[in-house]
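Data first, discussion second: the structure below is written as structure tokens.
Letters A, B, ... mirror the listed sequences (proteins, then strands); counts begin at 1.
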Amino acid sequence: MLVYAIHGYSLKSGFLSHESVPTALTTVYSKMDEMESARKAFDECTHKSLASWNAMISGYTQNGLTEDAISLFREMQKSEFRPNPITITCILSACAQLGTLSLGKWVHGLVRGSDFESSIYVSTALIGMYAKCGSIEEARRLFDLMPKKNEVTWNTMISGYGLHGHGHEALNIFSEMLSSSVAPSPVTFLCVLYACSHAGLVKEGNEIFNSMIHRYGFEPTVKHYACMVDILGRAGHLQRALQFIEAMPVEPDPSVWQTLLGACKIHKDTNLARTVSEKLFELDPDDAADRNYPQAATVGQEAKKRKLAKAPGYTLIEIGETPHVFTSGDQSHPQVKAIYEKLEELEGKMREAGYQPETELALHDVEEEERELMVKFHSERLAIAFGLIVTEPGTEIRIIKNLRVCLDCHAVTKLISKITERVIVVRDANRFHHFKDGACSCGDYW
DNA sequence: GTAGGGTTAG
């Protein structure tokens, strides 16, 4: 790779003592996803500047290393350098990814009333932070206060509504954007289509997709097609989704098939799921195995091995300002006994109400009992049980999960919201679910 | 035209 040669040459020629060369190296390594090298370039930089810190924080943020971004920010606060709007923009993006509102509010507090707030970047990042940390109303309030908005500002507000399943609000903002002086981009259309898919707006999604092509002259990318497949599939039009894929003028990539497979899971169409997994296996045997789609019996063992390598799921719950993190089957929390007892108690009540565990379509190679156990102690259930124990009756419970909520946990959370008369807000890898009185705001569209 | 760092989707 060229960058290594440049790095070596810079070292030899003494360029590393230059003000900007190590910072540029930090950025390049970050973009290559080589965070150890990025950090090394930052650490070894003898003439650090504000830009060096920003480059490193931004690198962490962009690679999803939110904890590292935040801890480096804290380190920076102890240093001689003070954050500027660029720092704040990066760190707000990290807060948004992490999803913890108290941390986001803390950062907001650092800039409230300063002229940082007039930066369009900072304001946009604040909107994204509030939306992704669950406060869509606060996001909207800040949005309305902005005297000037750019394309990203509009996109952020649209996708914020999408995240919360507020499809009509997303469409309203979109049409306001169309009558503003800011033009939509292909990314804008992705945001709008995404909002349609999470609200079941099939007709609207179709119209917008067509207007994007014919009225705005944008050539749809494979991502736009995947969004359309999601809209059709999520709404249960599985055959239409399949026909749509077959008629695509660009080659469908695995993500498109993966989207349809997700829809098959939601609507429990095992036959189509099998066809689609075969298709996925043809395209990318490794990845198909990773998804553990079992119908490919030949990869069963391989699938098991690979499952171990999957990103571990965790759920975070904030009690006051203290985060508590749970993993599946977690035994490490000090209140572990009370948590498991709470789950048992809830399960009893749920069974009385006629609940049967709904194990994943995906796990055909596991014994039924083992499957039940696996879902029974998913991290979100531990977090919810803990939240129920330590908060006052009637308090809203908010949790953040790094993966998608599974079908069974979704069903269980609906029941728990009813039994305990609590509002439970779950942010998963994809969107927000507001559980209340036995129903979810996603309308089971996921 | 003047170096190195920024928000959205996936």
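As rounded to whole Å, 18 Å separates atom P of B/dG4 from atom CZ of A/Phe81. Atom-to-atom, CD1 of A/Ile88 to P of B/dG5 comes out at 19 Å; the value is rounded to the nearest Å. Between A/Phe218 atom CZ and B/dA9 atom P the separation is 18 Å, expressed in whole Å. Straight-line distance from the CE atom of A/Met177 to the P atom of B/dT8: 15 Å, rounded to whole Å. Straight-line distance from the CD1 atom of A/Ile57 to the P atom of B/dG4: 19 Å, rounded to whole Å. For the pair A/Phe189 CZ and B/dA9 C1', the computed distance is 14 Å after rounding to whole Å. Rounded to an integer number of Å, the gap from A/Lys223 NZ to B/dT8 P is 14 Å. Nucleotide B/dG5 holds its C1' atom 15 Å from the OH atom of A/Tyr60, rounded to whole Å.
Taking the side chain of A/Leu50 as heavy atoms from C-beta on, and the options B/dG10, B/dT8, B/dG5, the nearest nucleotide is B/dG5. Of the candidate nucleotides B/dT8, B/dG4, B/dG6, B/dG6 has the atom lying nearest to any side-chain atom of A/Ile86. Minimum atom distance to the side chain of A/Ser159 is reached by B/dT8, of the listed B/dG5, B/dT8, B/dG10. Listed nucleotides B/dT8, B/dG6, B/dT7 differ in distance to A/Asn150; the shortest reach to its side chain belongs to B/dT7. Proximity note for A/Tyr121 (side chain, C-beta onward) versus B/dT7, B/dG4, B/dT8: the nearest is B/dT7. Closest approach to the A/Cys90 side chain among B/dT8, B/dG6, B/dA3 is made by B/dG6 (side chain taken as heavy atoms from C-beta onward). Proximity note for A/Thr89 (side chain, C-beta onward) versus B/dT8, B/dG4, B/dT7: the nearest is B/dT7. Ranking B/dG4, B/dT8, B/dG10 by closeness to the A/Thr27 side chain, first place goes to B/dG4.
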Can you check ring-ring contact (aromatic ring centres under 6.0 Å, His included) on A/Phe189 and A/Phe174, steps first, answer last?
CA-CA 9 Å; A/Phe189 283 95; A/Phe174 177 56; 5.6 Å; yes
Could you go through the ring-ring contact (aromatic ring centres under 6.0 Å, His included) check for A/Tyr314 and A/Phe326 one step at a time?
CA-CA 5 Å; A/Tyr314 68 79; A/Phe326 294 90; over 10 Å; no
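Put simply, A/Ser58 has no side-chain N or O that comes within less than 4.0 Å of OP1 or OP2 on B/dG4. Contact annotation: A/Lys132 side-chain N/O to B/dT7 OP1/OP2 distance is not under 4.0 Å. Listed pair A/Gln62 / B/dG5 fails the phosphate criterion, with no side-chain N or O lying under 4.0 Å from OP1 or OP2.
Among the heavy atoms of the strands, none lies under 4.0 Å from A/Pro186.
One N or O donor and one acceptor, one from the side chain of A/Ser119 and one from the base of B/dG6, sit under 3.5 Å apart.
Other residues, nucleotides and ligands contribute at most 12 non-hydrogen atoms within 6.0 Å of the CD atom of A/Glu321. Heavy-atom neighbours of A/Arg215 CZ from other residues, nucleotides or ligands within 6.0 Å: at or below the threshold of 12.
Inter-residue side-chain proximity for A/Glu318 and A/Arg398 is flagged as unmet; no heavy-atom pair is nearer than 4.5 Å.
Between the A/Ser417 side chain and the A/Val423 main chain, no donor and acceptor come within less than 3.5 Å of each other.
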